[in-house]
Amino acid sequence: MKEKLTGIIKSALGELAAEGLVPGGGAEPQLSIPKHEGHGDYATNVALSLAKSAGKPPRAIAEALAEKIGDGGGLLSRVEIAGPGFLNFFLRKAGLFDVVKRIEEQGDAFGRVDAGAGRRVLVEFVSANPTGPLHVGHGRGAVQGDALASVLAAAGYAVAREYYVNDAGVQIQNLGRSTFLRYRQLIEGRDEPLPEGLYQGDYIRDHARALREERGDGVTEDDVPEISQWTAQRILAEIDGDLGALGVRFDGYFHEHTLYDAGAVDRCLDDLRARDLAYEQDGALWFRTTKFGDEKDRVLVKSGGEKTYLAADIAYHADKLRRGYDELIDIWGADHHGYIPRMKAAIEALGKNPDTLSVMLIQMVSLLRAGERVSMSTRAGEFVTLRDLTDEVGADATRFFFLMRRYDSQLDFDVDLAKEQSNKNPVYYVQYMHARVCSIYAKMAQEGRAAPAPSDEDFARLTEPEEAQIAQFLAELPDVVARAAQSREAHRLTTYLSDLAGMFHPYYFKHRVLVDDERLMSARLRLCTAVRQVTRNVLGILGLSAPETM
RNA sequence: GCGCCAAUAGCUCAGUUGGAUAGAGCAACGGAUUUCUAAUCCGUAGGUCGCAGGUUCGAGUCCUGCUUGGCGCGCCA
């Protein structure tokens, strides 16, 4: 419907351009659903946006355009020119419910678009060091990354999800040391704080205990490197479990150590050196990031000979590009924003447009309990783990709350609200929409009533304004998906669902579906079923369940 | 000092990429239940879109400056 109308406007514009009234080759006309009823079913501001380049008053253009469009080949009941030059379109009712048929035909595929045209995108997210449990902040990045990947997939991109595991370097050695020291303490019956810089958390004791059970008392200092990997693997398995409980899955885990094993980091450094993008100074190797707009150059190899994270990160991103991805999306915590210029520099040094990489910074999360901020300090061990949160409020609510807000503004996560099994909780408001439609079918089954054979003429019976509004909103989904993918804002779909529920529930309350008039019943049932299908599709993209009963 | 993000109703936030009279939920107040599930619905009230300029037919949205809050600015990871 919307596409048809857009096409009609475009061809009318083409005719006007041929007559020299407006410049040709204009952009896609914007069609929107007006906020106010009197402004029609769809409206466009093309006349306003063309006024300047055409050098004509907007109303004159609008009038000429309206004349060309006429009744839009039978699609429109009328066209009005309003305000400064808006064109308001009033649709003939017959076509309004075409979308229901389309949803029936496309089923789970409705809402998918091909805006991405199969472009290959790698979304890298979480990538937390395997040195401890995930906390709540990681959870937001995890859910955002997972949902964004789904959104992009729905928008026609070929998406892969990846977790980069930092399993080489000092912090992993520290991890192994921490496990080893706790292990010794366990054997010797002591319990005292570990030296500065090591991991103090209780979970280390658990791993030490497991180590003793598995290997007995004979592990020595020399085994620390191996214990490091052993512990990291155990922690990674836990992280994987925590993410799985939230419904977050990855297509691959990329281990940093494989870059070193394959000599990829050294090759990368040699390459930078050969192209004079890296230089020695004060015994260290520096990356000329200032050449690409960074404030200062950055160290790749410390004077002690250790390679920095940056060195490995460059090799890692080189590997991503080598694997043929057209776009790279990295999802980081907002506290890493200072790292962006050097990674952009790296992409440019690798011979790509820096825009190939986009970094999404996920802002901080505060937990709210009884209206109070829960203090979170990783250092003091006072952070709330992601697993605790998921267990407490459930996966659906956790995901929904992380997806309700724009990722780039700080989030207050109200734990009490998320837990509440009541109308205050927005998760249920949306899921209930799905369950309610299911309950219609349950009632029909109970009464031994079958759905009447569908006939498209029945749609003429849908005369309530709410019915037209809902159908029209359902038709918006493909656009919403496309916009969400383009702007990389998964929360648009959450908002869409909440808005749909805000139309559906009042309608459901006010009008009955199972009425005696079979033709009306059939039409309403199909509309409601379309609502259910759309709800299910969007919940699916967001990684939430669509319950049949609640 | 420099940089990044934010600022919209009492609270938590949307706002279709610059459009028409700024919208939801919660909280408050008043109402609806013989119903396909009330985890629902209807109504009332609530606003100088942080402040000041600018851009134009038109700004919550774009630009500049300020204010406030959060986060960064290592041969840490």
Side-chain angles (χ1 to χ4, degrees), chain A residues 30-36 38-39 43-45 48-49 51-52 57-58 82-86 88 129 131 166 169-172 174 197 281-286 295-296 298-304 306 308-310 333-341 361-364 366 368 371 404-414 417 420-433 435-444 446-447 449 476 479-480 483 486-487 491-492 494-496 498-499 501-502 504-515 521 524-525 528 549-550:
Chain A
Q30 301 279 327
L31 258 195
S32 57
I33 299 177
K35 288 174 199 156
H36 301 282
H39 294 153
T44 182
N45 61 352
L48 290 163
S49 56
K52 192 166 220 180
F86 290 99
N88 295 334
N129 291 347
T131 54
N166 289 114
V170 199
Q171 83 289 351
I172 291 294
N174 287 342
Q281 189 182 312
D282 305 328
L285 184 71
W286 296 75
E295 312 173 322
K296 52 172 290 195
R298 309 290 173 175
V299 172
L300 293 165
V301 182
K302 299 186 244 176
S303 53
E306 292 162 332
T308 60
Y309 262 30
L310 177 61
D335 50 343
H336 289 77
H337 70 80
Y339 209 73
I340 295 177
L361 295 175
I362 309 296
Q363 287 293 331
M364 302 291 151
S366 308
L368 239 57
M404 271 197 310
R405 311 295 183 220
R406 311 162 41 100
Y407 66 85
D408 56 1
S409 73
Q410 286 157 240
L411 174 69
D412 286 323
F413 193 116
D414 189 330
L417 179 60
E420 192 148 357
Q421 307 251 328
S422 80
N423 57 342
K424 290 182 197 165
N425 195 329
V427 189
Y428 300 121
Y429 189 64
V430 165
Q431 291 183 324
Y432 190 43
M433 167 164 56
R436 276 190 134 170
V437 179
C438 291
S439 75
I440 300 174
Y441 282 94
K443 181 72 177 179
M444 282 169 59
Q446 193 188 326
E447 292 181 354
R449 210 167 159 181
E476 286 290 293
D479 279 1
V480 174
R483 273 197 299 269
Q486 190 201 346
S487 61
H491 81 277
R492 284 169 184 267
T494 321
T495 305
Y496 174 82
S498 295
D499 289 346
F504 176 74
H505 287 306
Y507 169 68
Y508 182 92
F509 185 86
K510 195 169 162 192
H511 304 288
R512 293 187 59 77
V513 175
L514 301 181
V515 290
M521 168 185 161
R524 284 188 175 165
L525 188 60
C528 288
T549 59
M550 287 177 70

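By convention in this document, chain letters (A, B, ...) are assigned in the order of the sequence lines, proteins followed by strands, and residues within each chain are numbered from 1. All figures in this text were calculated on a predicted structure; none of them were measured in a lab.
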Identify whether any heavy atom of [X] sits under 4.0 Å from a base atom; if not, whether one sits that close to sugar-phosphate; answer base, sugar-phosphate or nothing.
X      : answer
A:N45  : base
A:D282 : base
A:H491 : sugar-phosphate
A:Q363 : sugar-phosphate
A:K443 : sugar-phosphate
A:A82  : base
A:S498 : nothing
A:R298 : nothing
A:Y339 : base
A:T131 : nothing
A:Q30  : sugar-phosphate

B:U17: syn or anti, with syn meaning chi within 90° of zero? syn
Counting only Watson-Crick or G-U wobble pairs whose two distances fall under 3.5 Å, which nucleotide matches [N]?
N     : result
B:A6  : B:U68
B:U16 : none
B:U55 : none
B:U44 : B:A28
B:U34 : none
B:G74 : none

Determine: side-chain N/O of [X] to OP1/OP2 of [N], distance under 4.0 Å, yes or no.
X      : N     : value
A:K510 : B:A38 : no
A:Y429 : B:C41 : yes
A:K296 : B:C73 : no

Selected nucleotide, minimal atom distance to [X] side chain, candidates [options]:
X      : options             : result
A:N129 : B:C13, B:U17, B:A77 : B:A77
A:F509 : B:C41, B:C75, B:U12 : B:C41
A:E295 : B:G19, B:A14, B:C2  : B:C2
A:D408 : B:C71, B:C5, B:A32  : B:C5
A:A43  : B:A77, B:A14, B:A20 : B:A20
A:L514 : B:A14, B:C36, B:C75 : B:C36
A:R406 : B:A6, B:A77, B:C71  : B:A6
A:L48  : B:C57, B:C36, B:C41 : B:C57
A:R512 : B:A14, B:C36, B:C41 : B:C36
A:A284 : B:C13, B:C75, B:A39 : B:C75

Can A:H39 be classed as stacking with the base of B:A20, given a centroid separation cut-off of 5.5 Å and a plane angle cut-off of 30°? yes
Ring centroids of A:F86 and B:A20 base under 5.5 Å with planes under 30°: yes
Pick the nucleotide of RNA chain B nearest each of A:R436 and A:D335; which residue has the one closer to the 5' end? A:R436
A:T549 or A:A334, whichever maps to the more 5' nucleotide of RNA chain B: A:T549
Examine the base of [N] for any acceptor or donor lying under 3.5 Å from a partner atom in the side chain of [X], and report the outcome as yes or no.
X      : N     : result
A:H337 : B:G3  : yes
A:S303 : B:C75 : yes
A:N174 : B:A77 : no

Using modelled atom types and a 3.5 Å cut-off, is there a donor and acceptor pairing between side-chain atoms of [X] and backbone atoms of [Y]?
X      : Y      : value
A:N425 : A:L417 : yes
A:T44  : A:Q30  : yes
A:H39  : A:A82  : no

Over all heavy atoms of both residues, which pair between [X] and [Y] is shortest? Give the atoms and the distance, please.
X      : Y      : answer
A:L361 : A:Y407 : O-CD1, 3.4 Å
A:Y309 : A:Y339 : C-OH, 3.8 Å
A:A284 : A:S303 : CB-N, 3.9 Å

Taking the same atom, P, in B:U67 and in B:A45, what whole-Å distance lies between them? 39 Å
Nearest-Å distance once atom C1' is located in both B:C29 and B:G19: 36 Å
Can you check whether A:R405 reaches A:Q363 side chain to side chain, under 4.5 Å on heavy atoms? no
I want to check something: taking the side chain as every heavy atom from C-beta on, are A:V437 and A:Y508 in contact at a cut-off of under 4.5 Å? no
